[in-house]
Amino acid sequence: MEFIDYYKVLGVDKKASAKEIKKAYRKLARKYHPDLNANDKEAEKKFKRINEANEVLSHAENRKKYDQYGKDWKHAETFEKAQRQQQQQRQQHDFSSSGHSESDFSDFFESMFGGARSSSRQSGQTGFRGQDFNAELHLDLKDVYQKQQQILTVNHKKIRLTIPAGIENGQVIRIANKGGKGVNGGANGDLYLKFFIKNHSQFKREKSNLYATIDLDLYTAILGGELTIDTFNGKVKLKIKPETQNNSKVKLKGKGFPVYKKENQYGDLIITYNLKIPTKLTEEEKKIFKELQKLR
Amino acid sequence: MDTHNLILIEKLCSHYEIELSFFDELETMGLIEIKTIKKVQFIHQDSISDLEKMIRLHHELAINAEGIDVVFNLLKKVDKLEEELNSVRNRLQLFENDY
């Protein structure tokens, strides 16, 4: 367990007045408050530490004890045991609206003060709604081509989830009531699920449009022909027009990715032809190409 | 009128230990919508999540209703920018690893 210098955490001097401590706490709290730094775990950690420092330094009794025992806080253990037991009984009824609950306090704090105390209205521990949870879900691009059911385990609870087709990489969806349990009959928090979509396919994706580059041999490009390509929705036959140019594009309407939350609507598949010039020509081939050249 | 899904403001005041005037200020700022049915004021339960955020900002950071309005507007902008950044990042992947 590591000693925490709460004065350093708040950036104040050991002789700082209560007013200076309050001012420093407010300034840092405004900077790192979780409501202003959504999904920022580092800010959340800092906010908890700032709160902890404020819990200690803004209460004269706590501050005195902290100053007295400081680095030798372990010796304070026996001395304060009885007092701590009383505090812990009180804390069972405390809860926090912004998610900084008892378990959020450091081991150092808990060993010295016995866990989080209700610090009065001033620090605003008033809420009854459960904590919001954040989770990540990693899927493959082909998985999100179709709507699918998933069962997630969040905090030992199983959640059945329907993921709409066409969800984006990095998209966050809110699942109401699947966060932390509410207190005193309050509503549960929400679950925020962030999607990470890996793309191992031949396609590149931009929203509901898919892009692919297809190699085309010289003869099919010149004379035209047919090609079959694999898409997420099966094989598609492509008619190649005669005299197709390198880097020319064709758009296959409705052959792209599903549009998010719009059933039976699909984006387009845009194909770029990449002309492959034959190599290692035989003498006979060279001769024919020369004849062709003369004709031009 | 049906009061289903509506929460009594009086109840919220006592639960959060908030003055009724704070709700009025939030309504004036257009941050919440108060419904009055037979002279009793309610708030829709869907607004509770945002309302709690406002109460936390007020209690924990001593931000007044005007400040909360500014914060909410800026948070909306941050959300929009994050969405845009995500979209641009995904678009960038179109041009990556081409060669």
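Letters A, B, ... are given to chains in the order of the sequence lines, protein chains preceding strands, and every chain is numbered from 1.
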Checklist entry - How would you list, by chain and number, every residue that makes a side chain to side chain contact (heavy atoms under 4.5 Å, CB included) with A:Ala38, sequence neighbours excluded? => result none
Checklist entry - Do you know the tightest heavy-atom contact between B:Leu61 and A:Leu36? => result CD1-CD1, 4.0 Å
Checklist entry - Is the number of heavy atoms from other residues, nucleotides or ligands under 6.0 Å of A:Gln245 CD greater than 12? => result no
Item to check | B:His59 versus A:Arg26, closest heavy-atom pair with distance | outcome: O-NH2, 4.2 Å
Checklist entry - Is A:Glu136 atom CD crowded by more than 12 heavy atoms from other residues, nucleotides or ligands, each under 6.0 Å away? => result yes
Item to check | Nearest-0.5 Å distance, OH of residue A:Tyr211 to CD of residue B:Gln93 | outcome: 13.5 Å
Checklist entry - Any side-chain hydrogen bond (donor to acceptor under 3.5 Å, both in side chains) pairs touching residues 81-90 of chain B, not counting sequence neighbours? => result A:Glu168-B:Asn90, A:Asn169-B:Asn90, A:Lys207-B:Ser87
